Amino acid sequence: MLLTRFFLPVLKENPKEAEIISHINMLRAGMIQQSASGIYSWLPLGKIVLEKISEICRQEMIKSGANEILMPTLQSAEIWKESGRYEDYGKEMLRIKDRNNRNLLYGPTNEELVTEIFRTHVKSYKQLPLNLFHIQWKFRDELRPRFGVMRGREFLMKDAYSFDIDYKSSIKSYNIMFIAYMQLFKKMGLKAIPMKADTGPIGGDLSHEFIIIADTGESEVYVERELLNFENSFQNINYDDDLQEEVNKFTSFYAATEEKHDAGNFDDKANTLIKTRGIEVGHIFHFGQKYSLPMKATISDKEGVNVPVFMGSYGVGLSRLVGAVIEANHDKHGIIWPKEITPWDYNIINLKIGDNDCDNICLNIYNLIKDNKIDVLYDDTDERTGAKLARADLIGLPYQIIIGPKGIKEQLYDLKCRKSGDISRLSYCELLNFIQTNK
RNA sequence: CGGGCCAUAGCGCAGCCUGGUAGCGCGUCCGUCUGGGGGGCGGGAGGUCACAGGUUCGAAUCCUGUUGGCCCGACCA
(Lines give C-alpha, C1' and ligand atoms only; values in the text may rest on other atoms or scores of the structure.)
Protein backbone atom coordinates (compact mmCIF):
# COMPACT_ATOMS: atom_id res chain seq x y z
CA MET A 1 0.00 0.00 0.00
CA LEU A 2 1.21 3.46 -0.90
CA LEU A 3 0.69 5.88 1.93
CA THR A 4 -0.20 8.66 -0.52
CA ARG A 5 -3.20 6.57 -1.53
CA PHE A 6 -4.22 5.51 1.95
CA PHE A 7 -6.64 7.48 4.11
CA LEU A 8 -4.71 7.87 7.34
CA PRO A 9 -5.79 11.05 9.16
CA VAL A 10 -3.27 11.14 12.01
CA LEU A 11 -3.49 13.70 14.78
CA LYS A 12 -0.46 15.47 16.12
CA GLU A 13 -1.97 16.41 19.43
CA ASN A 14 -3.90 14.35 21.93
CA PRO A 15 -7.65 14.72 21.48
CA LYS A 16 -9.10 15.97 24.73
CA GLU A 17 -11.96 13.48 24.74
CA ALA A 18 -9.57 10.57 25.20
CA GLU A 19 -8.05 9.64 28.50
CA ILE A 20 -6.64 6.16 28.21
CA ILE A 21 -3.74 5.08 26.08
CA SER A 22 -5.57 2.91 23.56
CA HIS A 23 -8.25 5.50 22.95
CA ILE A 24 -5.68 8.25 22.48
CA ASN A 25 -3.61 6.12 20.12
CA MET A 26 -6.59 4.96 18.09
CA LEU A 27 -7.73 8.53 17.55
CA ARG A 28 -4.24 9.82 16.85
CA ALA A 29 -3.44 6.99 14.45
CA GLY A 30 -6.62 7.68 12.51
CA MET A 31 -8.22 4.33 13.31
CA ILE A 32 -11.58 5.50 14.56
CA GLN A 33 -13.76 8.55 14.76
CA GLN A 34 -16.44 9.07 17.34
CA SER A 35 -19.96 9.50 16.05
CA ALA A 36 -21.79 9.69 19.36
CA SER A 37 -20.93 8.65 22.89
CA GLY A 38 -19.74 5.05 22.69
CA ILE A 39 -20.38 4.82 18.94
CA TYR A 40 -17.55 4.93 16.43
CA SER A 41 -16.78 4.92 12.74
CA TRP A 42 -13.88 2.68 11.83
CA LEU A 43 -11.40 4.35 9.51
CA PRO A 44 -9.23 2.26 7.18
CA LEU A 45 -6.40 1.48 9.61
CA GLY A 46 -8.79 0.52 12.38
CA LYS A 47 -10.92 -1.47 9.99
CA ILE A 48 -7.96 -3.53 8.81
CA VAL A 49 -6.99 -4.51 12.34
CA LEU A 50 -10.57 -5.23 13.35
CA GLU A 51 -10.82 -7.47 10.30
CA LYS A 52 -7.61 -9.31 11.13
CA ILE A 53 -8.75 -10.01 14.66
CA SER A 54 -12.17 -11.12 13.46
CA GLU A 55 -10.67 -13.45 10.91
CA ILE A 56 -8.41 -15.22 13.41
CA CYS A 57 -11.40 -15.70 15.66
CA ARG A 58 -13.56 -16.92 12.79
CA GLN A 59 -10.99 -19.44 11.60
CA GLU A 60 -10.54 -20.93 15.04
CA MET A 61 -14.30 -21.23 15.48
CA ILE A 62 -14.59 -23.05 12.19
CA LYS A 63 -11.67 -25.27 13.12
CA SER A 64 -13.38 -26.17 16.38
CA GLY A 65 -16.40 -27.36 14.43
CA ALA A 66 -18.73 -24.39 14.81
CA ASN A 67 -20.94 -23.23 11.92
CA GLU A 68 -21.04 -19.57 11.00
CA ILE A 69 -24.39 -17.86 10.66
CA LEU A 70 -25.41 -14.22 10.70
CA MET A 71 -28.28 -13.01 12.80
CA PRO A 72 -29.76 -9.51 12.42
CA THR A 73 -28.97 -6.52 14.59
CA LEU A 74 -32.66 -5.70 14.97
CA GLN A 75 -34.80 -8.26 16.72
CA SER A 76 -38.46 -8.66 17.43
CA ALA A 77 -39.48 -8.12 21.04
CA GLU A 78 -41.66 -11.23 20.89
CA ILE A 79 -38.97 -13.82 21.54
CA TRP A 80 -37.56 -11.72 24.35
CA LYS A 81 -40.93 -11.81 26.03
CA GLU A 82 -40.84 -15.59 25.70
CA SER A 83 -37.57 -15.86 27.58
CA GLY A 84 -38.68 -13.28 30.09
CA ARG A 85 -35.75 -11.01 29.42
CA TYR A 86 -37.71 -8.24 27.68
CA GLU A 87 -38.70 -6.96 31.10
CA ASP A 88 -35.52 -8.03 32.89
CA TYR A 89 -33.00 -6.33 30.67
CA GLY A 90 -33.76 -2.75 31.64
CA LYS A 91 -32.55 0.46 30.11
CA GLU A 92 -29.45 -1.08 28.59
CA MET A 93 -31.67 -2.46 25.87
CA LEU A 94 -32.34 -0.04 23.05
CA ARG A 95 -36.02 -0.38 22.22
CA ILE A 96 -37.38 0.79 18.89
CA LYS A 97 -40.80 0.89 17.27
CA ASP A 98 -41.32 0.38 13.56
CA ARG A 99 -43.93 2.17 11.41
CA ASN A 100 -46.61 -0.27 12.48
CA ASN A 101 -45.82 0.38 16.11
CA ARG A 102 -44.34 -3.08 16.56
CA ASN A 103 -41.72 -3.42 19.27
CA LEU A 104 -38.22 -4.02 18.00
CA LEU A 105 -34.90 -3.88 19.78
CA TYR A 106 -31.28 -3.53 18.75
CA GLY A 107 -29.84 -6.83 19.92
CA PRO A 108 -27.67 -6.64 23.04
CA THR A 109 -27.09 -10.39 22.64
CA ASN A 110 -28.56 -13.30 20.73
CA GLU A 111 -29.54 -16.24 22.94
CA GLU A 112 -33.22 -15.89 22.12
CA LEU A 113 -32.72 -15.54 18.40
CA VAL A 114 -30.39 -18.49 18.09
CA THR A 115 -32.66 -20.61 20.24
CA GLU A 116 -35.51 -19.82 17.91
CA ILE A 117 -33.43 -20.85 14.91
CA PHE A 118 -32.44 -24.01 16.67
CA ARG A 119 -35.90 -25.08 17.78
CA THR A 120 -37.47 -24.73 14.36
CA HIS A 121 -34.90 -26.97 12.69
CA VAL A 122 -33.42 -29.36 15.21
CA LYS A 123 -35.63 -32.07 16.63
CA SER A 124 -33.44 -35.07 17.28
CA TYR A 125 -30.39 -35.90 19.38
CA LYS A 126 -28.88 -37.29 16.16
CA GLN A 127 -28.37 -33.73 14.94
CA LEU A 128 -26.26 -32.88 17.97
CA PRO A 129 -23.86 -31.60 19.08
CA LEU A 130 -24.25 -28.29 17.28
CA ASN A 131 -22.44 -25.03 17.65
CA LEU A 132 -23.62 -21.92 15.77
CA PHE A 133 -21.61 -18.73 15.84
CA HIS A 134 -21.83 -15.32 14.31
CA ILE A 135 -19.90 -12.09 14.17
CA GLN A 136 -22.19 -9.12 14.48
CA TRP A 137 -22.59 -5.66 15.94
CA LYS A 138 -24.46 -5.34 19.20
CA PHE A 139 -25.79 -2.42 21.12
CA ARG A 140 -26.02 -1.93 24.85
CA ASP A 141 -27.06 1.47 26.10
CA GLU A 142 -24.42 1.58 28.81
CA LEU A 143 -24.85 3.86 31.79
CA ARG A 144 -21.49 5.29 31.03
CA PRO A 145 -19.64 4.45 27.84
CA ARG A 146 -15.91 5.18 28.10
CA PHE A 147 -12.42 4.20 27.10
CA GLY A 148 -13.15 4.44 23.37
CA VAL A 149 -13.90 1.08 21.77
CA MET A 150 -13.14 -0.75 25.01
CA ARG A 151 -16.45 0.20 26.49
CA GLY A 152 -18.58 1.37 23.61
CA ARG A 153 -22.32 1.15 23.33
CA GLU A 154 -22.08 -0.34 19.86
CA PHE A 155 -19.51 -3.10 19.62
CA LEU A 156 -18.55 -6.04 17.43
CA MET A 157 -18.72 -9.46 18.98
CA LYS A 158 -18.22 -13.05 18.05
CA ASP A 159 -20.89 -15.13 19.74
CA ALA A 160 -21.06 -18.89 19.64
CA TYR A 161 -23.90 -21.00 20.99
CA SER A 162 -23.62 -24.70 21.73
CA PHE A 163 -26.47 -27.20 21.83
CA ASP A 164 -26.24 -30.64 23.42
CA ILE A 165 -28.47 -33.50 24.40
CA ASP A 166 -27.35 -33.72 28.01
CA TYR A 167 -25.23 -32.12 30.69
CA LYS A 168 -22.21 -34.31 30.09
CA SER A 169 -21.90 -33.61 26.39
CA SER A 170 -22.58 -29.91 26.94
CA ILE A 171 -19.54 -29.79 29.22
CA LYS A 172 -17.59 -31.26 26.34
CA SER A 173 -18.77 -28.42 24.12
CA TYR A 174 -17.84 -25.94 26.82
CA ASN A 175 -14.33 -27.39 26.98
CA ILE A 176 -13.93 -27.16 23.22
CA MET A 177 -14.69 -23.45 23.39
CA PHE A 178 -12.39 -23.02 26.36
CA ILE A 179 -9.48 -24.46 24.41
CA ALA A 180 -10.48 -22.66 21.21
CA TYR A 181 -10.31 -19.39 23.14
CA MET A 182 -6.83 -20.16 24.41
CA GLN A 183 -5.86 -20.88 20.81
CA LEU A 184 -7.38 -17.85 19.18
CA PHE A 185 -5.94 -15.38 21.67
CA LYS A 186 -2.56 -16.99 21.23
CA LYS A 187 -2.91 -16.67 17.49
CA MET A 188 -3.56 -12.96 17.97
CA GLY A 189 -0.23 -12.69 19.76
CA LEU A 190 -1.90 -12.17 23.11
CA LYS A 191 -1.57 -13.68 26.53
CA ALA A 192 -5.05 -14.35 27.81
CA ILE A 193 -5.68 -15.66 31.30
CA PRO A 194 -8.81 -17.73 31.97
CA MET A 195 -10.52 -16.89 35.25
CA LYS A 196 -13.50 -18.33 36.98
CA ALA A 197 -16.30 -15.85 36.58
CA ASP A 198 -19.72 -14.76 37.65
CA THR A 199 -22.46 -15.76 35.28
CA GLY A 200 -24.30 -12.46 35.64
CA PRO A 201 -27.63 -11.85 33.91
CA ILE A 202 -26.99 -14.53 31.31
CA GLY A 203 -27.10 -17.08 34.06
CA GLY A 204 -25.71 -20.55 34.37
CA ASP A 205 -23.51 -22.67 36.56
CA LEU A 206 -20.11 -22.60 34.87
CA SER A 207 -18.33 -19.63 33.42
CA HIS A 208 -14.88 -18.29 32.63
CA GLU A 209 -13.60 -14.87 31.68
CA PHE A 210 -10.55 -14.44 29.51
CA ILE A 211 -8.41 -11.55 30.62
CA ILE A 212 -5.56 -9.86 28.79
CA ILE A 213 -2.88 -8.62 31.13
CA ALA A 214 -2.13 -4.92 30.68
CA ASP A 215 -0.85 -2.41 33.22
CA THR A 216 -3.50 0.03 32.13
CA GLY A 217 -6.27 -2.56 32.24
CA GLU A 218 -9.59 -1.61 33.75
CA SER A 219 -9.84 -4.29 36.40
CA GLU A 220 -7.53 -5.56 39.07
CA VAL A 221 -6.69 -9.26 38.88
CA TYR A 222 -4.86 -11.77 41.04
CA VAL A 223 -2.92 -14.47 39.21
CA GLU A 224 -0.47 -17.16 40.15
CA ARG A 225 2.89 -16.44 38.60
CA GLU A 226 3.08 -19.90 37.02
CA LEU A 227 -0.10 -19.29 35.09
CA LEU A 228 1.33 -16.11 33.59
CA ASN A 229 4.30 -18.07 32.33
CA PHE A 230 2.30 -21.15 31.42
CA GLU A 231 2.45 -21.72 27.68
CA ASN A 232 -0.22 -23.46 25.66
CA SER A 233 1.42 -26.81 25.27
CA PHE A 234 -0.85 -28.07 22.54
CA GLN A 235 0.45 -27.55 19.03
CA ASN A 236 -2.05 -29.34 16.85
CA ILE A 237 -5.10 -29.44 18.95
CA ASN A 238 -7.67 -32.02 17.95
CA TYR A 239 -11.11 -30.81 18.91
CA ASP A 240 -12.47 -34.36 18.72
CA ASP A 241 -10.33 -35.41 21.67
CA ASP A 242 -11.51 -35.21 25.24
CA LEU A 243 -10.17 -31.81 26.29
CA GLN A 244 -11.00 -31.94 29.99
CA GLU A 245 -7.40 -32.60 30.91
CA GLU A 246 -6.17 -29.66 28.84
CA VAL A 247 -8.74 -27.40 30.45
CA ASN A 248 -7.72 -28.59 33.90
CA LYS A 249 -4.16 -27.53 33.21
CA PHE A 250 -5.36 -23.94 33.15
CA THR A 251 -8.10 -24.05 35.74
CA SER A 252 -5.87 -25.65 38.37
CA PHE A 253 -4.09 -22.34 38.83
CA TYR A 254 -5.47 -19.60 40.98
CA ALA A 255 -6.72 -16.62 39.01
CA ALA A 256 -9.44 -14.17 39.95
CA THR A 257 -10.66 -10.68 39.30
CA GLU A 258 -10.81 -8.26 42.20
CA GLU A 259 -14.50 -8.94 42.81
CA LYS A 260 -14.02 -12.69 42.95
CA HIS A 261 -10.70 -12.64 44.77
CA ASP A 262 -10.71 -14.26 48.18
CA ALA A 263 -7.32 -14.60 49.85
CA GLY A 264 -8.75 -17.42 51.90
CA ASN A 265 -9.23 -19.55 48.81
CA PHE A 266 -5.59 -19.64 47.94
CA ASP A 267 -2.84 -20.73 50.23
CA ASP A 268 -0.02 -18.55 48.99
CA LYS A 269 2.79 -20.30 50.81
CA ALA A 270 5.30 -19.80 48.02
CA ASN A 271 4.24 -16.20 47.70
CA THR A 272 3.55 -16.56 43.99
CA LEU A 273 0.33 -14.61 43.75
CA ILE A 274 0.69 -11.55 41.57
CA LYS A 275 -1.61 -8.56 41.65
CA THR A 276 -1.85 -6.95 38.25
CA ARG A 277 -4.39 -5.44 35.89
CA GLY A 278 -6.28 -6.81 32.95
CA ILE A 279 -9.02 -6.40 30.37
CA GLU A 280 -11.82 -8.86 29.83
CA VAL A 281 -11.92 -9.86 26.18
CA GLY A 282 -13.87 -13.07 26.27
CA HIS A 283 -16.50 -14.75 28.39
CA ILE A 284 -17.91 -18.25 28.17
CA PHE A 285 -21.03 -19.52 29.90
CA HIS A 286 -22.58 -22.89 30.41
CA PHE A 287 -26.21 -22.25 31.27
CA GLY A 288 -27.91 -25.56 30.59
CA GLN A 289 -31.63 -25.29 30.03
CA LYS A 290 -32.15 -21.69 31.09
CA TYR A 291 -33.43 -20.61 27.67
CA SER A 292 -34.49 -23.89 26.16
CA LEU A 293 -36.98 -24.44 28.96
CA PRO A 294 -39.06 -21.26 28.64
CA MET A 295 -38.59 -21.15 24.88
CA LYS A 296 -39.47 -24.79 24.45
CA ALA A 297 -36.40 -25.77 22.49
CA THR A 298 -36.72 -29.49 23.00
CA ILE A 299 -35.23 -32.48 21.24
CA SER A 300 -36.08 -36.11 21.42
CA ASP A 301 -33.51 -38.35 23.01
CA LYS A 302 -32.78 -42.02 22.35
CA GLU A 303 -35.91 -43.05 24.24
CA GLY A 304 -38.05 -40.69 22.21
CA VAL A 305 -38.56 -38.38 25.17
CA ASN A 306 -38.53 -34.64 24.44
CA VAL A 307 -36.01 -32.82 26.63
CA PRO A 308 -34.98 -29.16 26.68
CA VAL A 309 -31.60 -28.81 24.99
CA PHE A 310 -28.46 -27.96 26.99
CA MET A 311 -26.83 -24.75 25.92
CA GLY A 312 -23.77 -22.59 26.38
CA SER A 313 -22.78 -19.24 24.94
CA TYR A 314 -19.33 -17.97 24.18
CA GLY A 315 -18.42 -14.36 23.45
CA VAL A 316 -15.32 -12.58 22.23
CA GLY A 317 -15.30 -8.78 22.22
CA LEU A 318 -13.71 -8.18 18.82
CA SER A 319 -13.89 -4.39 18.73
CA ARG A 320 -12.80 -4.23 22.35
CA LEU A 321 -9.82 -6.43 21.48
CA VAL A 322 -8.43 -3.73 19.20
CA GLY A 323 -8.22 -1.41 22.19
CA ALA A 324 -7.04 -4.17 24.49
CA VAL A 325 -4.18 -5.09 22.16
CA ILE A 326 -2.99 -1.49 22.22
CA GLU A 327 -3.25 -1.31 26.01
CA ALA A 328 -0.99 -4.35 26.14
CA ASN A 329 1.38 -3.22 23.36
CA HIS A 330 2.46 0.40 23.24
CA ASP A 331 5.11 2.87 24.35
CA LYS A 332 5.27 6.64 24.59
CA HIS A 333 5.63 6.96 20.82
CA GLY A 334 2.54 4.99 19.94
CA ILE A 335 1.25 1.55 19.08
CA ILE A 336 3.39 -1.58 18.77
CA TRP A 337 1.42 -4.16 16.81
CA PRO A 338 1.99 -7.85 17.48
CA LYS A 339 3.02 -9.36 14.15
CA GLU A 340 -0.05 -11.61 14.11
CA ILE A 341 -2.51 -8.75 13.71
CA THR A 342 -0.43 -5.89 12.39
CA PRO A 343 -2.04 -4.06 9.46
CA TRP A 344 1.24 -4.42 7.55
CA ASP A 345 4.53 -6.06 8.46
CA TYR A 346 6.90 -3.49 7.00
CA ASN A 347 6.88 0.26 6.80
CA ILE A 348 9.22 1.54 4.11
CA ILE A 349 10.03 5.17 4.74
CA ASN A 350 11.46 7.23 1.90
CA LEU A 351 13.14 10.20 3.55
CA LYS A 352 13.69 12.11 0.34
CA ILE A 353 10.91 11.58 -2.07
CA GLY A 354 11.81 12.85 -5.53
CA ASP A 355 15.43 11.82 -5.19
CA ASN A 356 16.03 9.26 -7.91
CA ASP A 357 18.18 6.94 -5.86
CA CYS A 358 15.85 6.98 -2.88
CA ASP A 359 12.78 6.49 -5.02
CA ASN A 360 14.31 3.60 -6.94
CA ILE A 361 15.59 1.70 -3.95
CA CYS A 362 12.33 2.14 -2.06
CA LEU A 363 10.21 1.01 -4.97
CA ASN A 364 12.54 -1.89 -5.51
CA ILE A 365 12.27 -3.10 -1.92
CA TYR A 366 8.54 -2.39 -1.90
CA ASN A 367 7.94 -4.63 -4.89
CA LEU A 368 10.21 -7.29 -3.56
CA ILE A 369 8.35 -7.50 -0.26
CA LYS A 370 5.06 -7.65 -2.08
CA ASP A 371 6.40 -10.44 -4.30
CA ASN A 372 7.07 -12.38 -1.13
CA LYS A 373 3.40 -12.02 -0.20
CA ILE A 374 4.25 -9.89 2.80
CA ASP A 375 2.15 -6.87 3.74
CA VAL A 376 3.97 -3.60 3.29
CA LEU A 377 3.17 0.07 3.64
CA TYR A 378 5.35 2.47 1.64
CA ASP A 379 5.53 6.00 2.99
CA ASP A 380 5.93 7.86 -0.31
CA THR A 381 4.68 11.16 1.05
CA ASP A 382 6.73 14.33 0.62
CA GLU A 383 7.10 15.31 4.24
CA ARG A 384 9.80 16.13 6.74
CA THR A 385 11.86 13.33 8.19
CA GLY A 386 10.67 13.95 11.71
CA ALA A 387 7.03 13.88 10.74
CA LYS A 388 7.45 10.63 8.88
CA LEU A 389 9.36 8.84 11.60
CA ALA A 390 7.02 10.04 14.31
CA ARG A 391 4.05 8.84 12.32
CA ALA A 392 5.68 5.49 11.64
CA ASP A 393 6.22 4.99 15.36
CA LEU A 394 2.66 6.03 16.07
CA ILE A 395 1.06 3.52 13.71
CA GLY A 396 3.45 0.92 15.04
CA LEU A 397 4.24 -1.56 12.25
CA PRO A 398 6.75 -4.19 13.45
CA TYR A 399 9.57 -3.12 11.13
CA GLN A 400 10.54 0.16 9.54
CA ILE A 401 12.90 0.25 6.58
CA ILE A 402 14.30 3.75 6.51
CA ILE A 403 15.84 4.91 3.24
CA GLY A 404 17.57 8.27 2.87
CA PRO A 405 20.44 9.88 0.99
CA LYS A 406 22.91 9.17 3.81
CA GLY A 407 22.23 5.47 3.76
CA ILE A 408 22.32 5.34 -0.01
CA LYS A 409 25.75 6.92 -0.04
CA GLU A 410 27.08 4.10 2.13
CA GLN A 411 24.83 1.47 0.54
CA LEU A 412 23.45 0.70 3.99
CA TYR A 413 19.80 0.80 4.89
CA ASP A 414 18.23 1.12 8.30
CA LEU A 415 15.98 -1.61 9.58
CA LYS A 416 14.27 -0.54 12.76
CA CYS A 417 12.46 -2.95 15.01
CA ARG A 418 9.53 -0.98 16.41
CA LYS A 419 9.30 -2.99 19.59
CA SER A 420 12.93 -2.90 20.72
CA GLY A 421 13.78 0.32 18.95
CA ASP A 422 16.96 -1.32 17.68
CA ILE A 423 18.21 -0.12 14.32
CA SER A 424 20.45 -2.33 12.21
CA ARG A 425 22.29 -0.95 9.23
CA LEU A 426 22.07 -3.58 6.54
CA SER A 427 23.35 -3.97 3.02
CA TYR A 428 20.80 -4.57 0.31
CA CYS A 429 21.49 -8.31 0.37
CA GLU A 430 21.29 -8.53 4.12
CA LEU A 431 18.01 -6.66 4.06
CA LEU A 432 16.51 -9.00 1.47
CA ASN A 433 17.76 -11.94 3.39
CA PHE A 434 16.12 -10.66 6.57
CA ILE A 435 12.82 -10.13 4.79
CA GLN A 436 12.82 -13.58 3.26
CA THR A 437 13.78 -15.41 6.42
CA ASN A 438 11.30 -13.49 8.57
CA LYS A 439 8.17 -14.33 6.66
C1' C B 1 -28.45 7.51 37.83
C1' G B 2 -25.43 10.61 41.83
C1' G B 3 -20.94 13.95 41.95
C1' G B 4 -17.35 17.13 39.06
C1' C B 5 -16.10 19.60 34.39
C1' C B 6 -16.49 21.26 29.32
C1' A B 7 -18.64 23.34 24.42
C1' U B 8 -14.90 29.58 20.42
C1' A B 9 -11.54 27.55 12.71
C1' G B 10 -10.11 20.49 10.99
C1' C B 11 -7.18 19.61 16.05
C1' G B 12 -5.28 21.85 20.81
C1' C B 13 -6.41 26.35 23.26
C1' A B 14 -6.73 31.95 24.84
C1' G B 15 -10.51 35.72 25.14
C1' C B 16 -15.52 35.71 29.35
C1' C B 17 -14.28 37.96 35.75
C1' U B 18 -14.62 44.01 34.12
C1' G B 19 -20.13 43.60 27.45
C1' G B 20 -17.76 47.58 22.42
C1' U B 21 -14.47 45.33 14.96
C1' A B 22 -12.92 37.01 16.98
C1' G B 23 -7.35 35.70 18.45
C1' C B 24 -2.88 32.14 19.05
C1' G B 25 -0.30 27.36 18.01
C1' C B 26 -0.72 23.10 14.94
C1' G B 27 -2.85 21.46 10.45
C1' U B 28 -4.40 23.18 5.46
C1' C B 29 -3.44 26.11 0.48
C1' C B 30 0.38 29.10 -2.66
C1' G B 31 5.64 30.53 -3.16
C1' U B 32 10.53 29.79 -1.47
C1' C B 33 14.71 27.89 1.31
C1' U B 34 15.40 23.23 3.43
C1' G B 35 15.96 17.81 4.11
C1' G B 36 18.04 11.45 9.18
C1' G B 37 13.15 12.78 14.64
C1' G B 38 6.59 16.58 14.16
C1' G B 39 11.79 22.74 10.12
C1' G B 40 12.63 28.49 8.40
C1' C B 41 10.74 32.77 5.75
C1' G B 42 6.70 35.30 2.97
C1' G B 43 1.59 35.20 1.60
C1' G B 44 -3.68 33.16 1.73
C1' A B 45 -8.22 30.49 3.04
C1' G B 46 -11.04 29.00 7.06
C1' G B 47 -15.63 30.70 12.76
C1' U B 48 -24.07 32.47 12.61
C1' C B 49 -18.29 31.68 19.46
C1' A B 50 -23.38 24.23 20.65
C1' C B 51 -28.76 25.70 20.42
C1' A B 52 -33.05 28.71 22.16
C1' G B 53 -34.82 32.69 24.84
C1' G B 54 -33.83 37.02 27.98
C1' U B 55 -31.11 41.72 29.80
C1' U B 56 -28.74 45.79 26.93
C1' C B 57 -27.93 51.04 22.25
C1' G B 58 -24.64 46.74 21.80
C1' A B 59 -23.61 39.73 24.10
C1' A B 60 -18.43 34.73 22.73
C1' U B 61 -18.64 37.61 27.39
C1' C B 62 -24.19 38.68 31.96
C1' C B 63 -29.06 35.65 33.18
C1' U B 64 -32.47 31.33 32.20
C1' G B 65 -33.42 26.90 29.72
C1' U B 66 -32.06 22.96 26.29
C1' U B 67 -28.74 19.70 23.75
C1' G B 68 -24.15 17.29 23.17
C1' G B 69 -19.40 15.55 25.17
C1' C B 70 -15.61 14.15 29.03
C1' C B 71 -14.00 12.46 34.02
C1' C B 72 -15.03 9.88 39.10
C1' G B 73 -18.66 6.34 41.28
C1' A B 74 -22.42 2.12 41.13
C1' C B 75 -23.07 -1.70 36.32
C1' C B 76 -20.97 -4.61 32.04
C1' A B 77 -17.90 -8.13 26.49
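Each chain gets a letter, A, B and so on, in the order its sequence line appears, and its residues count up from 1. A quick note: this is a predicted structure, and the numbers were derived from the prediction, not measured.
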Is A:K409 touching bases, backbone alone, or none of the nucleic acid, heavy atoms closer than 4.0 Å?
-> nothing

Could you pull out all residues at least two apart from A:Y86 that satisfy ring pair (Phe, Tyr, Trp, His ring centres under 6.0 Å)?
-> none

Under 3.5 Å donor-acceptor pair, A:R28 side-chain atoms to B:rG38 base atoms = yes

Watson-Crick or G-U wobble mate for B:rC17, both contacts under 3.5 Å | none

Charged N to carboxylate O below 4.0 Å: is that the case for A:E340 and A:K186?
-> no

Side chain of A:R320 only, please: which of B:rG36, B:rG69, B:rA77 is the nearest?
-> B:rA77

Using a heavy-atom cut-off of under 4.0 Å over every strand shown, decide if A:K388 touches base, sugar-phosphate, or nothing.
-> nothing

Can you tell me the Watson-Crick or wobble partner of B:rA9, both distances under 3.5 angstrom?
-> none

Base paired to B:rG36 (Watson-Crick or G-U; both N/O distances under 3.5 angstrom) = none

Base, sugar-phosphate, or nothing: which does A:E17 touch, judged by heavy atoms less than 4.0 Å apart?
-> sugar-phosphate

May I ask you to evaluate whether A:Q34 reaches the phosphate of B:rC70, defined as a side-chain N or O under 4.0 Å from OP1 or OP2?
-> yes

Spell out yes or no: do the side chain of A:D393 and the base of B:rG37 have one donor N/O and one acceptor N/O closer than 3.5 Å?
-> yes

Where the side chain of A:R144 is concerned, which of B:rA77, B:rG37, B:rC72 is the nearest nucleotide?
-> B:rC72

Which whole number of Å gives the distance between the P atom of B:rC29 and that of B:rA45?
-> 16 Å

Pair of N/O donor and acceptor under 3.5 Å linking B:rC76 base with A:R153 side chain | no

Quick one: sort the A:H286 and A:F310 rings into parallel, tilted or perpendicular, breaks at 30° and 60°.
-> parallel

Using atom NE2 of A:H283 as one end and atom C1' of B:rA77 as the other, report the distance to the nearest whole Å.
-> 9 Å

With sequence neighbours left out, write down each residue that passes side-chain contact (heavy atoms from CB on, under 4.5 Å) with A:I176, or none if nothing qualifies.
-> A:S64, A:Y239, A:L243

Would you indicate what A:K406 reaches in the nucleic acid, counting non-hydrogen atoms under 4.0 angstrom: base, sugar-phosphate, or nothing?
-> base

Quick one: label A:A36 by what it contacts on the DNA or RNA (base, sugar-phosphate, nothing), any heavy atom closer than 4.0 Å.
-> sugar-phosphate

Complementary nucleotide for B:rC76 - Watson-Crick or wobble, under 3.5 Å = none

Roughly, in whole Å, what's the span from NE2 in A:H333 to C1' in B:rG38?
-> 12 Å

Provide the distance between the two P atoms, one in B:rG39 and one in B:rG23, to the nearest whole Å.
-> 25 Å

Does A:Y89 have its ring centroid less than 6.0 Å away from the ring centroid of A:W80?
-> yes

OP1 or OP2 of B:rG12 sitting under 4.0 Å from any side-chain N/O of A:K12?
-> no

Partner nucleotide, any strand, of B:rG42 [Watson-Crick/G-U, under 3.5 Å] = B:rC30

For A:G404, report the nucleic acid contact type (base, sugar-phosphate, nothing); a contact means any heavy atom under 4.0 Å.
-> base

Validation row, ring centre A:W344 to ring centre A:F6 under 6.0 Å = yes

A:F147 has an atom CZ; how far is it from atom C1' of B:rA77, in whole Å?
-> 14 Å

So, is A:R140 near the phosphate of B:rA77, with a side-chain N or O under 4.0 Å from OP1 or OP2?
-> no

Using a cut-off of less than 4.0 Å, is there contact between a side-chain N or O of A:S37 and OP1 or OP2 of B:rG68?
-> no

Sugar-phosphate, base or nothing in reach of A:L318, heavy atoms under 4.0 Å | nothing

Could you tell me whether A:G152 contacts a base, only the sugar-phosphate backbone, or nothing, with contacts defined as non-hydrogen atoms closer than 4.0 Å?
-> base

Listed nucleotide nearest any side-chain atom of A:R146, set B:rG12, B:rG36, B:rG73 = B:rG73

Using a heavy-atom cut-off of under 4.0 Å over every strand shown, decide if A:L11 touches base, sugar-phosphate, or nothing.
-> nothing

Identity of whatever pairs with B:rC70 - Watson-Crick or G-U, under 3.5 angstrom = B:rG4

Touch class at under 4.0 angstrom, heavy-atom based, for A:D382 against every strand present | base

Heavy-atom distance under 4.5 Å between the side chains of A:E142 and A:R151, does that happen here?
-> yes

Does a donor on one side chain and an acceptor on the other come within less than 3.5 Å for A:Q400 and A:N347?
-> no

Quick one: which of B:rC71, B:rC1, B:rG35 gets closest to the side chain of A:K352?
-> B:rG35

State which of B:rA7, B:rC11, B:rG38 makes the closest approach to the side chain of A:K16.
-> B:rA7

Phosphate OP1/OP2 of B:rU34: any A:R384 side-chain N/O under 4.0 Å | no

What interatomic distance, in whole Å, is found between C1' of B:rC1 and the corresponding atom of B:rC17?
-> 34 Å

